[in-house]
Structure formats: structure tokens, C-alpha cells
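The first residue of the sequence shown is numbered 1, and numbering continues consecutively from there. Basis for what follows: all heavy atoms, side chains included, without hydrogens, waters or symmetry-related copies. Start at 1 and go down the list; that is how both ligands and their atoms are numbered.
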Amino acid sequence: MTSQIVRFINNGEIFVGVNQSGTSSASKLAVASLAELLTLPLDEIRNLVAQASQKSELFSHDRLLPPVDGLTEIWASGVTYNRSRSAREEESDHADVYSRVYKAERPELFFKSVAWRVTGDGEPIGVRSDSKINAPEPELALVCNAKGEIVGLTICNDVSSRSIEGENPLYLGQAKIYSGSCALGPAIIPIWEISDIYSLEVSVSVVRKGEVVWSGRTSTSEMHRRFEELVEYLFRQMSFPSGVFLSTGTGIVPNIDFNLSVGDSVEVSISDIGKLVNQVISADHEFFDWLTPDPKRSAF
Ligand code: DO4
Ligand code: MG
């Protein structure tokens, strides 16, 4: 059984703990938040997880919260798989920027979300009402501590507007950052439990009115870059005192005539990591106001 680092609610209070996969009870980790955990070096995190796993006192939880909190940011990289390069070239009026970045030494990195805007497993994701083509982007996310060590892995859905980015690459911020555009979870799998980060199977399916309307799969072996290289660029001229999540790009993109729509359910699975399921709703403000920080939900 794999250990999962989780955030959960027990008796109305938020805790960080270690869950045994397939169960709904966790032991508590000796930190107040995941952000605090990510201030620590890898060997200390490993010791704390081992200590928590040995505890006999278990706390039941109804559901897991997104595995990110406090001042930890979420960043993403793009055009790291050949399929992403060809899809961007098809959707964009400025195709050459994608082929150039695919081949360049410097990767594409962009800011994706603050922690409090992230939704978790079983929570909604959003599509913009001013976007004609929306897509889920199933991605492996690296969880890095303040030192830039990869300490764990999770799933990210980098929900995006293809039509807004396609119109002009300078619209990337609006194509990538809006209510419900970043889902993470369900848990963080410690890096020492993963035997080969370059042979993880990634799959996605979109279910509409009970039918699968799009599905796809890839493997991290198809990645065009090394994970350490992405982390090295991210940490080059910026510090992340509460650690950072770095989503590593999508290798699965639907045909241009597919549009993610309100009512769809998106399931992203990564072998050894888990399954992230989200229902699509409108990104209109009122549907995501519940995410606004509240002492019961967020460790600010
Ligand atoms: O600029 C394009 C972003 C691409 C992306 O998010 C990805 O490849 O996953
Ligand atoms: Mg992406």
C-alpha cells in the first residue's frame, strides 16, 4: 500500500496527514500545514511521513481537500510533449512560437494559481463563458520543497481555453488563469515511493450524459524534457519558501472540434499516483466564491 500525503477535515478542523491508499482514515503529520512541510528538506519530510505512518491513532475523513495550502504557488510548463506542440500549432495563428519553444533550451514556464483558488478531487472545474474551445489538460505535477527538491507527485488538470490562447499567445494569462482552471489531487505521493517517474501512464476521459465523449492516454516516457530541468529553470531567479507545485505539461490534447462543456465530468488517472475527478461548471464568479479563504478551509 502506498502512503499518500493528504489534507483532510476532521471534526471541522483541517489537518495534514498520511493516508494509506484505499482507506478513509489518516494519521496526523507533525506540521500545521502542507506549506510548513514544504519548508523542510527531503530527508526530514521522509522522517516525518515515516513517524506519522507508525502512529496507531487514525482520524476518519469524509473527503480529501486539495493537497496545497498557505503561500505555496502552482506553476506549469507547456509544450513538453510533441502532441502539445502539434496541437498548439493547429490552434494558433502564431504557430512558430510553439515549435521554437519545443526545441529551445529554455522551457515554457507560467504561473498557474495561488493555493486558495485550487479545487480538489470531487470539486468543480470551470470553463469561461467567453471561450469557444476549452480543454482539460491532464498533467503530472511535481511537488517541490523550498530547496527545489522533488519530494512528491500529484495530478494537475491545467484546464485551459484553446481559443483565447490560439487568438494570440499574449493572451496566455487569460487562457490559463481563471476560476476553476486548476484542479490538483487527490493526494501527494512521496517521491521515494515511485520507482520510475519516466514510466507513468497518464489517461483522461470526459463523460457527458453518461457517455465517454473523449479519452486519451500517454506516458511520461514521451516527455521531451527532464523534470529536474524544469525545476532548475523555475528556481533560477526566484525562491519558493513554502515550496511550489510544477505541473509538467500535457501529452494528451483532443481534436480541435472538441469543447469541454458545463455538465461534463473529467477523470484524470496516473499510474501509482491516483485518479482526479472533477465536474465542469461555469467559471462565472458566483460559482467559485466559496473558495475565498476562510479560516476553516485554508491555513493562512
Ligand atoms: O502555451 C501553451 C501551454 C501549453 C500547456 O499548458 C501544455 O503543454 O500543457
Ligand atoms: Mg498544460
Side-chain angles (χ1 to χ4, degrees), residues 68 73-104 106-113 117-119 125-128 131 133-143 153-178 180-185 200 202-204 206 214 216-227 229-231 233-234 244-256 258-260 266 268-270 273 276 278 280 283:
V68 63
E73 297 168 11
I74 295 86
W75 284 68
S77 37
V79 201
T80 51
Y81 289 79
N82 194 34
R83 173 61 190 135
S84 180
R85 181 194 58 75
S86 64
R88 308 304 152 205
E89 287 174 359
E90 188 186 2
E91 79 202 14
S92 181
D93 295 340
H94 305 270
D96 74 312
V97 298
Y98 300 97
S99 50
R100 277 168 40 209
V101 84
Y102 185 74
K103 286 186 243 142
R106 183 186 290 276
E108 179 195 5
L109 296 177
F110 57 92
F111 177 76
K112 181 67 186 175
S113 187
R117 292 190 187 276
V118 171
T119 53
I125 49 177
V127 286
R128 297 182 65 120
S131 162
I133 312 175
N134 307 287
E137 291 195 359
E139 303 185 6
L140 177 72
L142 312 174
V143 184
L153 302 175
T154 191
I155 302 173
C156 177
N157 189 342
D158 170 26
V159 189
S160 304
S161 163
R162 295 183 71 182
S163 47
I164 293 177
E165 183 180 345
E167 195 178 330
N168 189 324
L170 294 180
Y171 293 151
L172 187 76
Q174 296 170 78
K176 292 287 187 185
I177 308 167
Y178 48 90
S181 67
C182 183
L184 284 180
L200 301 175
V202 183
S203 62
V204 62
V206 176
W214 176 65
R217 57 180 55 243
T218 190
S219 162
T220 52
S221 62
E222 300 289 318
M223 264 272 291
H224 172 63
R225 294 185 185 266
R226 300 271 99 184
F227 296 116
E229 170 195 344
L230 301 175
V231 174
Y233 268 96
L234 183 61
V244 63
F245 285 58
L246 177 53
S247 198
T248 57
T250 188
I252 320 172
V253 186
N255 289 336
I256 198 81
F258 175 83
N259 183 24
L260 188 66
V266 182
V268 181
S269 298
I270 304 185
I273 311 293
L276 175 67
N278 302 98
V280 181

Can a donor-acceptor pair be found, under 3.5 Å and without considering hydrogens, that links the side chain of [X] to the backbone of [Y]?
X	Y	answer
Thr80	Thr248	yes
Ser77	Ser247	yes
Lys176	Phe111	no

The single option from His224, Lys103, Glu108 passing side-chain contact (heavy atoms from CB on, under 4.5 Å) against Val79
Glu108
Thr119, Leu260, Asn134 screened by side-chain contact (heavy atoms from CB on, under 4.5 Å) with Val159, the one that passes:
Leu260
How long is the gap from OG on Ser131 to OH on Tyr178, to the nearest 0.5 Å?
6.5 Å
Any chance you could measure Asp158, atom CG, to Leu184, atom CG, to the nearest 0.5 Å?
10.0 Å
Which of the numbered atoms in ligand 1 are under 4.0 angstrom from any heavy atom belonging to [X]?
X	result
Asp158	6 (O)
Arg88	4 (C), 5 (C), 7 (C), 8 (O)
Tyr98	1 (O), 2 (C)
Glu165	1 (O), 2 (C)
Gly78	4 (C), 5 (C), 7 (C), 8 (O)
Ser84	7 (C), 8 (O)
Leu172	1 (O)
Glu108	1 (O), 2 (C), 3 (C)

Relative to the Mg ion (ligand 2), which of the N, O or S atoms in Asp158 is the closest?
OD2
Between Glu165 and Arg162, is the closest basic N to carboxylate O distance under 4.0 Å?
no
Answer yes when Glu137 and Arg88 have at least one side-chain N-carboxylate O distance shorter than 4.0 Å, and no when they do not.
yes
Polar contact flag for Val79 and ligand 1 (N/O pairs, less than 3.5 Å)
yes
For ligand 1 and Glu137, I'd like to know whether there is a polar contact (N/O to N/O, distance under 3.5 Å).
yes
Quick one: look at Phe110 and ligand 1, take heavy-atom pairs under 4.0 Å, and tell me if it's side chain, backbone, both or neither.
side chain
Geometry at the Mg ion (ligand 2) - Glu139 OE2 versus Glu137 OE1 angle, rounded to 10 degrees
100°
Protein heavy atom at shortest distance from atom 6 (O) of ligand 1:
Lys176 NZ, 2.6 Å
Heavy atom of Tyr81 under 4.0 Å from ligand 1?
no
Taking all atoms of both residues into account, what is the closest heavy-atom pair of Pro107 and Val101, and its distance?
C-CG2, 4.3 Å
